[in-house]
K.L.:
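Please find one structure pasted underneath; my questions will follow.
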Amino acid sequence: MPSPKKTEYTLEDIYALPDGQRAELISGQLYRMAPPSTRHQRLVNFLTTEINLYIRKKQGRCEVLPAPFAVFLEDANGNENLVEPDISVICDPEKIDEKGCHGAPDWVIEIVSPSSKSIDYGRKQALYLLSGVREYWIVDPIQESAVIYRAAEDWISMFYRFGDSLKAGIYEDLEIVIE
């Protein structure tokens with residue numbers, strides 16, 4: 001939910017937050033982040049592990065980085081944005097430094113919660129689309145579903161239920177089943 005105090009926030013406002021407080025900056029608005037649930041963290045761990053094992057087996061060069069990990073993106077109006085996707089898969093090592101990823105990850109996965117749902121399906125989806133993310137998964141543990149968007153398929157949504165085989169678009173033969 002956006003913070004009501006200021007009308008326009010900057011990266012300096014993010015860095016000025018007290019230790020332990022996390023927030024994202026999207027189009028000048030500050031969105032504070034609630035602590036994740038245990039189910040959320042288990043899904044992040046499962047997906048990160050599956051993707052890492054696949055990349056290691058294929059001797060791939062992409063890196064899988066779970067939150068908290070800063071991703072800096074510019075929006076259509078030239079605003080600097082800072083988001084913390086639950087999982088970022090980045091195949092260009094030049095984008096990564098000690099502060100985070102500068103530019104679009106190749107693949108982003110968000111695990112939605114009731115407090116983040118509208119941001120993940122709205123503002124973040126638009127930001128990821130416009131910034132060049134190749135693939136975006138939204139995993140909903142409450143609905144036990146996933147929606148996948150791919151740039152190569154014109155960002156048309158593909159809906160899946162837990163138990164279905166989810167095929168990663170950026171890899172030819174990676175399929176993940178979320179139980």
K.L.:
Is any side-chain heavy atom of Pro85 closer than 4.5 Å to a side-chain heavy atom of Val71?
P.N.:
yes
K.L.:
Quick check: do Val64 and Ile87 have side-chain heavy atoms less than 4.5 Å from each other?
P.N.:
yes
K.L.:
List for me each residue that meets ring pair (Phe, Tyr, Trp, His ring centres under 6.0 Å) alongside Phe69, sequence neighbours excluded, and say none if there are none.
P.N.:
none
K.L.:
Let me confirm one number: the CZ-OG distance from Arg150 to Ser157, rounded to the nearest 0.5 Å.
P.N.:
11.5 Å
K.L.:
Honestly, is Lys99 close enough over Tyr15, meaning NZ or CZ under 6.0 Å from the six-membered ring centre and within 45° of the axis?
P.N.:
yes
K.L.:
Quick check on the hydrophobic clustering: are Ile170 and Ile96 connected, directly or via other members, by side-chain heavy-atom contacts under 4.5 Å?
P.N.:
no
K.L.:
Within the side chain of Lys95, is there an N or O that forms a donor-acceptor pair under 3.5 Å with the backbone of Ala104?
P.N.:
yes
K.L.:
Pairs in or reaching into residues 15-24: which pass salt bridge (Lys or Arg N to Asp or Glu O under 4.0 Å), with residues at least two apart or in two chains?
P.N.:
Arg22-Glu84, Glu24-Lys124
K.L.:
Would a single hydrophobic cluster contain both Tyr149 and Phe159, if residues Ile, Leu, Val, Met, Phe, Trp and Tyr are joined by side-chain heavy-atom contacts under 4.5 Å?
P.N.:
yes
K.L.:
So, taking the atom named CG in Asp164 and the one named CD1 in Ile176, what distance separates them when rounded to the nearest 0.5 Å?
P.N.:
13.0 Å
K.L.:
Could you tell me whether the side chain of Glu135 and the main chain of Gly169 form a donor-acceptor pair under 3.5 Å?
P.N.:
yes
K.L.:
Keeping Asn81 on the side-chain end and Asn79 on the backbone end, is there a donor-acceptor pair under 3.5 Å?
P.N.:
yes
K.L.:
Which distance, rounded to the nearest 0.5 Å, do you find between the CD of Glu110 and the CG of Leu43?
P.N.:
13.0 Å
K.L.:
Is the closest side-chain heavy-atom distance between Gln29 and Ile26 below 4.5 Å?
P.N.:
no
K.L.:
Looking at every heavy atom in both Arg161 and Ser145, which two are closest together, and how far apart are they?
P.N.:
NH1-CB, 4.0 Å
K.L.:
When rounded to the nearest 0.5 angstrom, what distance separates CD1 in Ile178 from CZ in Phe46?
P.N.:
6.5 Å
K.L.:
Starting at OG of Ser115, measure out to CZ of Arg32 and round the result to the nearest 0.5 Å.
P.N.:
13.5 Å
K.L.:
Taking only residues two or more places apart in sequence or in another chain, which ones pass ring pair (Phe, Tyr, Trp, His ring centres under 6.0 Å) with Tyr54?
P.N.:
Tyr171
K.L.:
Ignoring hydrogens and angles, tell me if any N or O in the side chain of Asp154 forms a donor-acceptor pair with the backbone of Ile156 under 3.5 Å.
P.N.:
no
K.L.:
Does Leu65 share a hydrophobic cluster with Ile51, counting links as ILVMFWY side-chain heavy atoms below 4.5 Å and allowing steps through other members?
P.N.:
no
K.L.:
Counting only N and O atoms by type, is there a donor-acceptor contact under 3.5 Å from the side chain of Ser116 to the main-chain atoms of Ile119?
P.N.:
no
K.L.:
Measure the shortest side-chain to side-chain distance between Gln41 and Asn45 over non-hydrogen atoms and say whether it is less than 4.5 angstrom.
P.N.:
no
K.L.:
Looking only at non-hydrogen atoms, find the nearest pair between Cys62 and Ile55 and report the distance.
P.N.:
O-CG2, 3.6 Å
K.L.:
Applying a strict under-4.5 Å side-chain criterion to I, L, V, M, F, W and Y, I'd like to know whether Ile90 and Leu129 cluster together.
P.N.:
yes
K.L.:
Working to the nearest 0.5 Å, report the span between SG of Cys91 and CZ of Arg61.
P.N.:
6.0 Å
K.L.:
Quick check: do Asp13 and Leu25 have side-chain heavy atoms less than 4.5 Å from each other?
P.N.:
no
K.L.:
Report, as yes or no, whether the 6.0 Å neighbourhood of atom CD on Glu94 holds more than 12 heavy atoms from other residues, nucleotides or ligands.
P.N.:
no
K.L.:
Do Asp86 and Ile109 come close enough that some side-chain heavy atom pair is under 4.5 Å?
P.N.:
no
K.L.:
Ignoring hydrogens, what is the shortest heavy-atom contact between Leu82 and Ala23? Give both atom names and the distance.
P.N.:
CD2-O, 4.1 Å
K.L.:
Counting only heavy atoms not in Arg39, do more than 12 fall under 6.0 Å of its CZ?
P.N.:
yes
K.L.:
Between Glu175 and Lys167, does any NZ, NE, NH1 or NH2 come within less than 4.0 Å of an OD or OE carboxylate oxygen?
P.N.:
no
K.L.:
Would Val139 end up clustered with Leu166 when hydrophobic side chains under 4.5 Å apart are linked, directly or stepwise?
P.N.:
yes
K.L.:
Checking ring pair (Phe, Tyr, Trp, His ring centres under 6.0 Å) against Trp137, which of Tyr160, Trp107, Tyr128 comes through?
P.N.:
Trp107
K.L.:
Kindly indicate whether the side chain of Val112, heavy atoms from C-beta on, has any atom under 4.5 Å from the side chain of Gln143.
P.N.:
no
K.L.:
Between Pro105 and Leu73, which heavy-atom pair has the shortest distance, and what is it?
P.N.:
CD-CD2, 4.4 Å
K.L.:
Is any side-chain heavy atom of Leu174 closer than 4.5 Å to a side-chain heavy atom of Glu50?
P.N.:
no
